[in-house]
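Beneath this line is the structure, given in structure tokens, with notes to follow.
None of the values given here were measured: they were computed from a predicted structure.
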Amino acid sequence: CMDYINLTKFLFVLGVDLIPFFIYIGKSTKPKKGFYYLSFSVSILLITPLILQGEQPLSIDFLYYPIITINSSILSLMLIGHWFLVDPTIDRKGMKQVAKYGIFSSFIGIILTIISFYLGFLESSYPLTYIVLGLLFATGFLAYGANSSLNEKGYAGVMAATGLSYLSFITSLGATGTLVLISLSS
């Protein structure tokens, strides 16, 4: 049975998980410094509430970390898409790598979820299990679509990738939220 995760802990892990993506994006795409610093301020804003409350962030169950990392990768993909839409001179290579990480981490999340349900770490009914798995699959599929649309030359490819990353972020949040509800009910 998993411990529940509250919103403050979720935001803390999301903020911490964003930092490596922001560093990678800064090195691979060379965005304008203002965007780069703004991204770190977003991460700090996500981390601060838990620190102010004095809670222990490491008391979160292991399964949540890879699932929240999916959220972080897709959120950073959305951010870099917006950077590109404002400054089309940045390199797309970093955006493609983050999209590939989102694909990979989604399928790792599927495997971890199957193992967790099978071994009894999560006690749930079959419909909820299938919902989580479907949302994780949709997240990976949408991240794949974002990655593929980045092969399109010009502004339209990045606009499509940014839009698909929004949908992918919503499905990844749905998977995380369903896992939180399952952990609260068990």
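- Note on Leu136: it does not cluster hydrophobically with Leu142, by side-chain heavy-atom contacts below 4.5 Å among ILVMFWY residues.
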- When you look at Ile19 and Phe40, which way does the side chain to side chain contact (heavy atoms under 4.5 Å, CB included) test go after all the steps? CA-CA 7 Å; Ile19 292 171; Phe40 283 106; 4.1 Å; yes

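- Rounded to the nearest 0.5 angstrom, Phe141 CZ and Ser106 OG are separated by 12.5 Å.
- Shortest non-hydrogen contact noted between Ala143 and Ser168 is N-OG, 4.0 Å.
- Rounded to the nearest 0.5 angstrom, Phe169 CZ and Leu173 CG are separated by 4.0 Å.
- Heavy atoms only, all atoms of each residue included: Ser149 and Leu164 are closest at OG-CD1, 4.3 Å.
- Put simply, the side chain of Ser41 gets close to the backbone of Leu38: a donor and an acceptor are under 3.5 Å apart.
- Phe21 and Tyr101 have their aromatic ring centers within a separation under 6.0 angstrom.
- Applying the ring pair (Phe, Tyr, Trp, His ring centres under 6.0 Å) test to every pair with at least one member in residues 142-164, sequence neighbours left out, gives no pairs at all.
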Output a table of donor-acceptor pairs, distance under 3.5 Å, between side-chain atoms of residues 70-80 and any protein atom two or more places apart or on a different chain; print 'none' if there are none.
residue: Asn71; atom: OD1; partner: Thr176; partner atom: OG1; Å: 2.9
residue: Asn71; atom: ND2; partner: Ser172; partner atom: O; Å: 3.2
residue: Asn71; atom: ND2; partner: Ser172; partner atom: OG; Å: 2.6
residue: Ser72; atom: OG; partner: Leu14; partner atom: O; Å: 3.4
residue: Ser72; atom: OG; partner: Ile68; partner atom: O; Å: 3.2
residue: Ser73; atom: OG; partner: Ile70; partner atom: O; Å: 2.9
residue: Ser76; atom: OG; partner: Ser72; partner atom: O; Å: 3.2
residue: Ser76; atom: OG; partner: Ser73; partner atom: O; Å: 2.8

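- Expressed to the nearest 0.5 Å, how far CG of Asn147 lies from CD of Gln97 amounts to 8.0 Å.
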- Item | Val158 and Glu152: CA distance, side-chain angles, deciding distance, side chain to side chain contact (heavy atoms under 4.5 Å, CB included) verdict | CA-CA 8 Å; Val158 178; Glu152 179 73 29; over 6 Å; no

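- Contact detail for Gly81 and Met95: the closest heavy-atom pair is CA-CE, 3.4 Å.
- Rounded to the nearest 0.5 angstrom, His82 NE2 and Tyr166 OH are separated by 3.0 Å.
- Here the straight-line distance linking atom OH of Tyr37 with atom OG of Ser39 works out to 10.0 Å at 0.5 Å rounding.
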What pairs of donor and acceptor atoms, side-chain ones from residues 45-52 against any protein atom, are under 3.5 angstrom apart with sequence neighbours left out?
residue: Thr48; atom: OG1; partner: Ile44; partner atom: O; Å: 2.6

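- Note on Leu167: it does not cluster hydrophobically with Leu150, by side-chain heavy-atom contacts below 4.5 Å among ILVMFWY residues.
- Classification of the Phe107-Phe137 ring pair by plane angle, with boundaries at 30° and 60°, yields perpendicular.
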- Message: Under the criterion side chain to side chain donor-acceptor pair (under 3.5 Å), I'd like the reasoning laid out for Thr139 against Thr171: C-alpha separation, chi angles, the key distance, then a yes or no.
- Response: CA-CA 6 Å; Thr139 300; Thr171 57; 2.7 Å; yes

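- How far CD1 of Ile103 is from OG of Ser148: 7.0 Å, rounded to the nearest 0.5 Å.
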